[in-house]
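One structure below.
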Amino acid sequence: MKSISLLTAVVLGALVVNGCAATLDRLHNLIASPADRYRKNAQAYEKLDEPQQALVCWEVTAELDKGDSQARKNIQALKNDALKAAQVHFQRGLGFYGSGDLNNALREFLIAIRLNPGHEQARDYLKNRLQNPEQATYQVQPGDSFTKIADTVYKDSTKAYLIAYFNDLDPNKPLLIGTTISLPAFEARYLVPRADIRDLLEKARAAYQKKNYDQVYELTESIQKEVPDHPKARDLADAAHFNQGQALMNQKQYLAAIEQFKQVSDHYKGRDRAIAKAHRQINRQAINEKLAAARKLLKNKAWPGVIDATEEILKQDPGNPEAKMLFSNASYNQGKMLLDRGETTKAVEILSRIEPSYEDTGQLLDLARARMKSQAETLYRDGVKQFINEDLEMAIKTWKKALELNPQHVKARQDMANAQRLLEKLRALDKEPEKPAP
Amino acid sequence: MRCNKMRLIVLMPLLWAALTTGGCMGHLAPKSRSPEIERSADFIITTAAAGDTWSSLAATHLKDAGKAWQLAAFNGTERPSAGQRVIIPLVPVVYGGIQKNGYQTVPVLLYTAMAASPSKSRTVSDRGFERQLDYLAANGYVTVSLDAFHGFLELKEQLPPKALVISLDTTDAWAYDSAFAAIKKRGMQAAVFIIPDEVGQKGKLTWSQLAEMSAAGFDVGLYGAKMATPSQEDVKTYLETFEAGLVAPQKTFQRYLKRPCRYYAYPEGESNDLTIAMLKQHGYQLAFTRKRGTNPFFADNFKIKRTLVLGHYELDRLRQNLTTFRTAELE
């Protein structure tokens with residue numbers, strides 16, 4: 001009781017001397033521990049729905065009272081709640097922004113920042129997109145370049161470096177597809193196309209009309225030196241190279257045409273098709289030359305030469321009818337000649353590669369195969385004689401030849417196998433040391 | 001508890017006002033002997049020593065006595081008592097000055113001419129200027145540096161609730177003779193935007209005066225040179241010249257003031273995207289227009305609005321341009 005009376009007296013005295021508010025302040029500080037004060041402040045801010053202020057107070061509380069596990073839990077819960085709530089407001093803001101309601105978008109983005117000051121996207125919208133609605137943005141598409149965009153937007157590709165400059169990008173490096181770039185609004189005085197470039201372009205166009213392609217290249221190169229990748233200059237040069245390539249195609253100068261086509265930009269319409277066509281023409285030209293040579297060889301009855309030449313053509317162009325015809329003709333004549341010479345096996349080998357319906361190929365083959373059968377039989381018999389004469393090695397060799405002519409000769413195969421076994425046994429006996437007679 | 005909570009919120013501006021009336025320029029505040037007990041990324045915990053003030057604590061721990069108001073507001077007392085456990089926030093507690101009922105905006109006042117006896121409408125009289133400064137001080141307005149203002153725009157700094165910036169677009173001698181003296185006397189600060197080539201000429205500021213102003217806490221920025229319209233053929237050359245006009249002063253500033261040139265005022269306040277691109281490229285952080293209005297944290301750093309104060313402005317008219325809070329439902 002004494003202490004309470006003393007405290008009351010001190011409080012009353014202080015109130016009289018210092019004034020009410022200041023004394024209450026000091027009194028509060030005296031009674032409550034620092035951790036308690038910040039805990040109460042944190043709770044108060046939470047009730048006021050001021051999560052950031054509450055968060056700081058809870059963090060101070062947790063630092064002052066390290067045993068306060070609830071404070072740490074509250075910090076985590078507050079952080080999570082604030083992040084989620086901020087995201088909800090940001091999404092709402094996006095919706096408003098998308099529908100053009102910038103006032104409500106502003107409000108929602110501000111709430112998102114109030115709840116989560118680290119919300120970078122909300123900040124970006126507040127700081128950049130809502131503040132500069134007149135400043136257009138553009139997403140880079142495949143095939144875009146600074147010059148192409150400058151040409152489209154400002155009708156002047158010389159402004160390419162300004163776009164690069166404004167977006168803090170290197171004008172000499174390609175633009176990444178999908179990148180969003182800002183397109184600055186320039187005053188009219190900056191948007192006047194350069195007269196010198198315009199003049200060069202006009203001259204290049206005139207030269208193109210006159211099919212003076214060398215002059216087109218010269219002029220467009222001058223433009224490109226000033227404005228790298230100038231789209232109109234590049235288009236003109238492309239068209240000139242393409243037209244020159246087509247003219248060379250008409251003159252059957254296919255290799256030179258390909259050289260021209262290769263100087264056309266990759267995306268130019270018809271470029272790849274023209275190059276492929278030129279390659280096809282070159283192949284056709286080579287085939288025609290080979291066919292002519294084959295015809296000449298055929299005339300001279302140089303059948304193997306014709307066969308080699310036409311085989312080469314058919315590898316490149318399997319359906320070439322003339323090559324097929326020349327091949328059949330040469331093979332038939334070569335086979336027939338071999339047959340006449342008695343080289344039956346070689347004749348069969350060659351004749352088998354052409355259609356049996358070609359001339360009398362079928363009959364020739366039958367004749368050759370019958371000859372082979374007969375020769376095989378003769379050889380078989382010779383082999384038997386050699387076997388009887390105990391010349392096993394020679395018999396085996398002869399039967400082998402018989403089987404080469406007629407692989408279906410059963411007896412030759414069986415006898416040869418027997419002879420081989422006998423020969424092996426004899427050889428084994430020869431190796432054994434001679435035993436004394438009992 | 002409600003009483004505590006409300007007191008905390010209501011007292012903040014009053015506490016800060018009490019702190020600022022006597023001036024709180026950083027270099028004037030004594031140092032505190034309070035030891036650092038705990039430090040996290042967001043705050044320092046210390047114990048106030050005998051004789052400590054919020055200014056001395058802010059000067060010691062934040063290297064900026066001007067942030068005394070922030071300590072007072074956070075700790076909820078007018079002054080620290082010896083032995084009191086004190087929290088020193090290292091990050092904003094209220095980011096961007098956003099509250100449930102609105103958000104902070106920072107007015108930037110612009111003066112372009114000053115004289116003892118003005119003859120033109122733009123020219124403010126010396127006495128009129130002093131009256132305006134007194135009005136600002138008496139009504140709790142606090143001038144802040146451009147660094148602090150930039151920090152506010154980047155959500156890195158919290159400014160006093162009634163923060164404002166005073167700017168002078170001039171290289172004329174009055175900036176030192178009249179404005180600097182009046183501002184310094186009241187413990188305030190300002191920014192002066194100069195044309196470096198004019199410095200040292202007759203009737204103009206000198207580099208030694210500017211160095212003195214800079215040492216006293218004034219910001220010095222570049223006033224952009226107005227150029228002729230380029231000819232059609234020579235836009236690129238024109239731009240290169242223009243760019244050189246932004247780069248060369250940076251070296252001059254470093255040479256004479258030993259500080260970088262990061263702030264820019266558009267000639268006649270006319271901004272354009274191209275200049276902005278160049279300013280960004282060369283490390284400028286803020287650029288000032290003459291478009292009227294105040295600046296929330298989300299203002300474009302390169303289109304800062306300013307209010308041109310004219311010679312005939314009475315205090316009432318000035319007050320109309322001092323909006324420091326914009327109401328909005330942000331719940």
>> Between A:Glu50 and chain B, with a heavy-atom cut-off of 4.5 Å, which part of the residue counts as in contact: side chain, backbone, both or neither?
In response: side chain

>> Do B:Leu155 and A:Ile113 have side chains that approach each other closer than 4.5 Å (heavy atoms only, starting at C-beta)?
In response: yes

> Should the pair A:Arg107-B:Glu331 be classified as a salt bridge under the 4.0 Å nitrogen-to-oxygen rule?
Replying inline: no

> Just how far is it from atom NE2 of A:His119 to atom OH of B:Tyr95, taken to the nearest 0.5 Å?
Replying inline: 15.0 Å

> How long is the gap from NZ on B:Lys100 to CD1 on A:Ile111, to the nearest 0.5 Å?
Replying inline: 11.0 Å

> Checking heavy atoms, do the side chain of A:Leu55, its backbone, both or neither come under 4.5 Å from chain B?
Replying inline: neither

> Looking at CG of A:Leu110 and CZ of B:Phe298, how far apart are the two atoms once the value is rounded to the nearest 0.5 Å?
Replying inline: 5.0 Å

>> With chain A as the partner, which of B:Val91, B:Val93, B:Ile87 has the greatest number of non-hydrogen pairs under 4.5 Å?
In response: B:Ile87

>> Contact between A:Glu63 and B:Ile45 at the side-chain level, heavy atoms closer than 4.5 Å - yes or no?
In response: yes

> What do you reckon, is CG of A:Asn103 surrounded by more than 12 foreign heavy atoms closer than 6.0 Å?
Replying inline: no

>> Quick check against the 3.5 Å criterion: does A:Lys127 have a side-chain atom that pairs as donor or acceptor with the backbone of B:Asn301?
In response: no

>> Testing the 3.5 Å rule here: is there a donor-acceptor pair between the side chains of A:Tyr38 and B:Asn75?
In response: yes

> Quick one: of B:Ala299, B:Ser40, B:Pro296, B:Gly96, who has the most non-hydrogen atom pairs under 4.5 Å with chain A?
Replying inline: B:Ala299

> B:Glu270 versus chain A, heavy atoms under 4.5 Å apart: side chain, backbone, both or neither?
Replying inline: neither

> Who among B:Leu153, B:Val86, B:Ile276 has the most heavy-atom pairs with chain A under 4.5 Å?
Replying inline: B:Leu153

>> Does B:Glu154 form a salt bridge (Lys or Arg N to Asp or Glu O under 4.0 Å) with A:Arg123? I'd like the steps, not just the answer.
In response: CA-CA 9 Å; B:Glu154 293 292 309; A:Arg123 190 162 171 264; 3.3 Å; yes

